[in-house]
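In what follows, a structure is listed as structure tokens, so that the remarks can point back to it.
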Amino acid sequence: MTAFLLGAIAVVAVVSPARAQDPRIRERLDPATASSVDSVVQAASRAGLPTEPLIQLALEGQSKGASGQRIVAAVQRLADGMTSARTALGGTATNGELAAGALWIRSGGSTDALTRFRKAAGQRSLALPLSVGADLLKLGWPGDQAGSALQSLLDAKVSDRELMTFSNRVDKLGNAANASPDALRREVSRLTSAGESVQ
Amino acid sequence: MKRALLAVLALGVAQEATAQVSAIVGADTRLAPASNMPAFTAGGSLQLHQSRWTASAVAALSALDGSLGYQGEYRVETIGLIGFSARGSVERPVNQGPLGEQTGFITLTRQFGPATLRLSGGGLLTRGDLTAGGTMSGAVRMGEIEVTAEVGRFQALEGGAAVGMPGLATSDRDTLNPDPQPPSQPLRALSHATLGASWRHGKMELSGRVLTRTTLGTTGGSMGWQLGLAVGPLNGVRLRLGFGEVPTGTSFYLPYRKQVLFGFEMLRTPRLRPRPHDPAEAAEPVAVTVRQHEGTTTIAITARDARTVEIAGDFTEWVPVELRRERGRWVIDWPLEPGTYRCNIRIDGGPWTVPDGLPSVQDDFGGEVGVLVVD
């Protein structure tokens with residue numbers, strides 16, 4: 001009986017870490033890519049990170065026809081980014097905040113800025129603000145200007161809807177290289193009197 | 001009514017509605033049912049689209065042998081899981097008296113992947129006679145093909161005693177309707193069923209449908225069919241061809257008619273607001289509006305010349321889902337929990353893009369992805 005119990009425990013110990021591969025990964029990716037993505041997902045799960053954003057990113061890559069190598073690299077980068085974002089945003093960060101924080105970092109934003117955003121936002125979700133911040137970085141605005149703009153908007157407690165409006169307006173300015181140096185500050189000033197603090 | 005329409009127009013200007021103006025000129029036998037000759041027809045329409053409602057008005061004038069006929073119609077419809085639509089029309093065939101009707105419907109619309117199901121219930125008022133009833137319609141889009149079906153029934157109130165055809169003399173009806181009905185019996189109920197399909201390829205759209213209408217209390221049902229071809233727009237002009245046989249109308253008064261239509265439609269999209277001085281306010285050709293209503297998120301894309309619009313995102317497991325065309329916009333209803341979603345749209349099978357109106361970020365795969373926030 002004792003031997004049976006020990007055997008059963010050993011079997012459970014061996015089997016339980018090897019969680020079943022997500023069927024979406026198995027069905028949509030080639031076996032080699034699915035296996036590599038699954039390794040990243042399993043590691044993230046063990047680290048207490050959300051796995052759904054990783055799976056969705058893999059599906060996004062498959063949908064867009066990306067190579068398996070590129071998909072695996074992207075998923076690994078997102079997992080690394082979420083790890084850094086969790087350190088900066090704190091253990092209470094939601095899944096959406098971690099994914100958006102990883103996006104911010106991936107776009108060239110600093111983890112120090114993430115910590116400042118967390119303090120400015122309080123209990124408010126940073127998922128959308130960080131996505132808007134990543135949008136600014138994508139458009140070529142320097143990290144310090146983008147961070148300062150976002151900080152001002154968060155300090156002024158502008159709503160998510162106002163942030164969307166802000167994002168649309170900044171998008172229409174085009175690439176930062178072609179926009180007036182004061183353009184970003186003017187857009188911030190539309191929503192908050194703290195716009196002058198933006199460098 | 002005029003005030004209501006003006007209010008809608010004012011609302012459209014205030015809320016940055018999109019507008020489409022079209023003018024059509026051609027030949028049409030609809031307004032000259034007593035003749036085998038088509039009447040010369042000229043008219044125009046104005047359509048306004050906003051994320052929560054659409055409004056349209058159509059007017060046309062026909063002339064044959066010095067006699068004039070006319071038709072006009074307005075339609076106002078709110079968009080969402082539960083909506084309301086109102087429609088009114090007046091029609092005066094050449095050498096006949098005017099026929100008018102008003103309808104009001106409450107609609108329930110649900111989206112099931114590529115399929116749309118709509119239930120409508122309401123009333124129809126024609127010359128003081130009120131009927132009530134409802135319709136059930138569905139549409140399924142499969143690539144370039146869309147199949148639609150509708151069944152409905154309207155019942156005369158007050159036992160049908162007040163419903164007849166008082167506006168048409170027997171001789172008129174005999175002339176208008178090749179299958180004349182007994183003049184003395186009142187109409188009590190009208191049922192209809194329609195099955196249609198359209199195929200859109202490039203700038204060409206071919207459509208066809210068969211329809212049957214059954215009037216209880218008089219004679220049996222009558223069948224009809226319609227075929228249509230639209231080509232364009234090419235330089236803002238669309239060619240339309242249509243012919244068929246139309247049975248008794250949705251009201252009890254519009255008679256059986258043969259129909260031939262040939263025309264050119266000129267499309268223009270006027271600017272409703274003064275041209276902005278700020279380049280950040282310049283209009284973009286493809287834009288998105290997002291609206292939440294009772295747990296359903298409605299995503300509407302303005303892509304006027306698109307043949308197909310697909311969306312893929314976290315909420316579809318990145319499986320492309322086609323949007324349905326609804327009065328000049330591309331629309332999809334999806335039950336989304338509050339949160340942040342990544343998504344792209346694809347127009348006419350082209351590259352995945354981000355429509356104007358969504359923040360976008362680099363997507364790790366050499367492109368961009370939009371961020372959709374549901375609050």
Side-chain angles (χ1 to χ4, degrees), chain A residues 24 28 52-53 55-67 70-71 73-75 77-78 94-97 99-100 103-104 106-108 125-139 159-161 163-174 179 183 186-187 190, chain B residues 16 51 276-292 302 310-321 336-346 349-375:
Chain A
R24 294 169 293 179
R28 302 263 296 270
E52 188 62 19
I55 294 169
Q56 289 297 341
L57 186 61
L59 298 179
E60 180 183 344
Q62 183 269 338
S63 177
K64 293 178 177 178
S67 68
R70 197 164 190 174
I71 290 172
V75 171
R77 204 158 37 230
L78 177 58
T94 64
N95 294 354
E97 288 177 322
L103 201 56
W104 165 263
R106 165 88 174 100
S107 303
S125 170
L126 280 171
L128 177 67
L130 291 176
S131 300
V132 171
D135 192 10
L136 295 180
L137 296 171
K138 180 208 71 179
L139 290 169
S159 67
D160 278 0
R161 199 156 292 281
L163 271 176
M164 291 285 285
T165 304
F166 167 80
S167 174
N168 289 336
R169 293 185 63 86
V170 173
D171 270 347
K172 286 173 182 171
L173 292 174
R186 280 202 305 273
E187 293 304 328
R190 287 177 182 271
Chain B
E16 302 182 37
S51 60
H277 297 294
D278 188 337
E281 293 182 354
E284 292 288 339
V286 178
V288 63
T289 55
V290 181
R291 189 170 70 90
Q292 286 98 47
T302 303
E310 298 166 287
I311 192 167
D314 298 342
F315 49 90
T316 71
E317 304 284 0
W318 287 98
V319 174
V321 176
L336 289 179
E337 298 290 328
T340 306
Y341 302 89
R342 289 158 66 96
C343 66
N344 283 108
I345 65 163
R346 183 165 65 179
W352 289 104
T353 61
V354 180
D356 186 38
L358 291 183
S360 62
V361 294
Q362 290 173 339
D363 70 354
D364 282 297
F365 306 111
E368 294 184 357
V369 64
V371 179
L372 175 67
V373 176
V374 177
D375 50 19

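Both backbone and side-chain heavy atoms feed into the values below; hydrogens, waters and symmetry mates do not. Letters A, B, ... are given to chains in the order of the sequence lines, protein chains preceding strands, and every chain is numbered from 1.
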Turns out that what part of A:I71 lies under 4.5 Å from chain B's heavy atoms comes down to both
Heaviest contributor of heavy-atom pairs below 4.5 Å to chain B, chosen from A:R28, A:K138, A:R24, is A:K138
Given A:E60, A:E52, A:Q56, the one with more heavy-atom pairs under 4.5 angstrom with chain B than any other is A:E60
Heavy-atom nearest pair, B:F365 first then A:G61, reads CZ-CA, 3.4 Å
Given the options A:R77, A:K64, A:R70, B:D364 meets side-chain hydrogen bond (donor to acceptor under 3.5 Å, both in side chains) only with A:R77
Looking only at heavy atoms, the pair that brings B:P359 and A:D135 closest together is CA-OD2, 3.6 Å
When the 4.5 angstrom heavy-atom criterion is applied to B:D363 and chain A, the contacting part is both
To the nearest 0.5 Å, atom CD1 of A:I55 lies from atom CG of B:D314 at 11.5 Å
Honestly, the part of A:L103 sitting under 4.5 Å from a heavy atom of chain B is side chain
Under 4.5 Å to a heavy atom of chain B? For A:L137 that would be neither
Applying a strict 4.5 Å limit to non-hydrogen atoms, the region of B:R342 in contact with chain A is side chain
A:S131 and B:V361 have their tightest heavy-atom pair at O-CG1, 3.7 Å
**Prompt:** So, A:S63 side chain and B:W318 main chain: donor-acceptor pair closer than 3.5 Å or not?
**Reply:** yes
